[in-house]
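First comes the structure, then the notes that go with it.
What you see below is based on every heavy atom in this structure, not just the backbone, and it leaves out hydrogens, waters and symmetry mates. In this chain, numbering begins with 1 at the start of the sequence shown.
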Amino acid sequence: MIMRITLLAIVFGLGVSPTSNSSPVSARLCPSDPKLATLLAGSSIVLIGKMDVPKQQLTEEAAKPSPGYLDIPIKVESVVKGEDMSSATVRFYPQDATYKPSNAAMLGLAGEPTILFLNRGDDGPVSLYFAGYTPDALKRATDLTVAATRTEASRQAKIVASWRANTTLPHFAKVRTLIANLGQVDGDQQQHVFDQLEALGNVAVPAIIAQMDDRRHLRTQAISLVNHAPDAFEGMRHYGPEQVVDGLDAVLNQITGESFGSIVNGGSSRQRDAVVAGWRVYAADLACKQDK
C-alpha cells in the first residue's frame, strides 16, 4: 500500500507523507470506471435533468442535407460538476455521428431523467455542447449511473483541489527551460520549442502538465504538428493558440491522443481552467494505469 501511495504521489505531484491516512493521496482511489473518469475530466459541466426536445423539428432538420443546430432546453434537477444553474440549453447538431449522442438517443430520452456531460462554448452567455467526442455524453439517469458519476466527480474534485507541481518528475527541468522560452521567441524558433516538447514523448507528459498553466501570450499565435491520424486528409494540423497554455494543450493532445476540452485555438479563462484541471486528473490517474 505504501509503495502504491508513493507512486501516486510522484505522478500526481503531491509532496505528502505516504503514511498519513488523512492525506489527499492516501484517501483517493483509482477510478472504478476509466471511461467515465476520462469523460468527466473532459467535461466542464455535468448536469442531471430533463431535455425538452422539439421532436418534430429535430426529425425535420435531420432529414436535411445540411441541418441546422437546435437549442435543446434542459430543466436542471441537480449539478454534478460546474456552476449552479436551474436551467440550461445544449446546442445539438442533428446529424448522426459516432462521436456524439445520436438523434435516436435524443428522442428516446426526451423528458426523461438524464445525465448530460457538457462543455461551455465561450465566456459569454452560457452556450453548451456535448463533451468528450462520445455518445456516452448523454445517458439515462438511474440510481446506479448517478451514484457512479457523483462518486467520480468527488474523486476528481479532491485531486484538483490538492494538486501542486512536483519538481522531481522526469524531464521537469528540461520542460521548465523550454516553456520559459515561450513568450520570448517567435516564428520558427517558437515552433522549434513546441517540437522539442513533443519530442520528449510520453515520459515528459506529467512534467508538461505540471507546468502547463502558463497564461503568457505567445508572440506568434500559430503551431503546426504532424497529423498522425490514419485517415488524415492533410499532413499537418495547424492551430492558433493565443497563450502558452493553449499551445501546451495542443502538444499534450499530440503526444497522448487525449483531449479535455480544446483551447488549441485560444479560449476563455474559464475554458482554460477546465482544460488544465482535466489534464491534472489525467496525470494523477497515470499511476493507476502503470500499476496494472
Under 4.0 Å between a Lys/Arg side-chain N and an Asp/Glu carboxylate O for [X] and [Y]?
| X | Y | value |
| --- | --- | --- |
| D273 | R215 | yes |
| D214 | R216 | yes |
| R272 | D246 | yes |

Check: D96/S102 side-chain N/O donor and acceptor closer than 3.5 Å: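 No, no side-chain donor-acceptor pair sits under 3.5 Å.
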
For T151 and S154, does a side-chain donor sit closer than 3.5 Å to a side-chain acceptor?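 Per modelled atom types, T151 and S154 side chains form no pair under 3.5 Å.
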
To the nearest 0.5 Å, how far apart are [atom1] in [X] and [atom2] in [Y]?
| X | Y | atom1 | atom2 | value |
| --- | --- | --- | --- | --- |
| L200 | I255 | CG | CD1 | 7.5 Å |
| K139 | T149 | NZ | OG1 | 5.5 Å |
| N166 | Q211 | CG | CD | 10.5 Å |
| H238 | I223 | NE2 | CD1 | 11.5 Å |
| N253 | S262 | CG | OG | 7.5 Å |
| Q243 | S269 | CD | OG | 8.0 Å |

Cluster question for you: counting only ILVMFWY and a side-chain heavy-atom cut-off of under 4.5 Å, with indirect links fine, are [X] and [Y] together?
| X | Y | value |
| --- | --- | --- |
| L225 | V193 | yes |
| V251 | V175 | yes |
| F117 | L128 | no |
| M85 | V90 | yes |

Side-chain touch [X]/[Y], heavy atoms, less than 4.5 angstrom:
| X | Y | answer |
| --- | --- | --- |
| P31 | E152 | yes |
| V244 | L218 | yes |
| T98 | T134 | no |

Donor-acceptor contacts under 3.5 Å from residues 73-81 side chains, at least two apart:
{"residue": "S78", "atom": "OG", "partner": "R150", "partner atom": "NH2", "Å": "2.8"}
{"residue": "K81", "atom": "NZ", "partner": "L40", "partner atom": "O", "Å": "2.9"}
{"residue": "K81", "atom": "NZ", "partner": "S43", "partner atom": "O", "Å": "2.7"}

Sort and list the pairs that fulfil ring-ring contact (aromatic ring centres under 6.0 Å, His included) and have at least one residue in [range], not counting sequence neighbours.
| range | value |
| --- | --- |
| residues 50-95 | Y69-Y93 |
| residues 133-156 | none |
| residues 249-272 | F260-W279, F260-Y282 |
| residues 172-205 | none |

Distance-only, no hydrogens or angles: does the D136 side chain make a donor-acceptor pair with backbone N or O of L39 under 3.5 Å?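 No: the side chain of D136 does not pair with the backbone of L39.
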
Under the 3.5 angstrom rule, does the side chain of Q254 hit a backbone N or O of V226 as a donor-acceptor pair?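 Between the backbone of V226 and the side chain of Q254 there is a qualifying donor-acceptor contact (under 3.5 Å).
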
Side chains of residues 47-61: which donor-acceptor pairs under 3.5 Å do they make with residues two or more places apart or in other chains?
{"residue": "Q56", "atom": "NE2", "partner": "E60", "partner atom": "OE2", "Å": "3.0"}
{"residue": "T59", "atom": "OG1", "partner": "K55", "partner atom": "O", "Å": "2.9"}
{"residue": "E61", "atom": "OE1", "partner": "G68", "partner atom": "N", "Å": "2.8"}
{"residue": "E61", "atom": "OE2", "partner": "K64", "partner atom": "NZ", "Å": "2.8"}

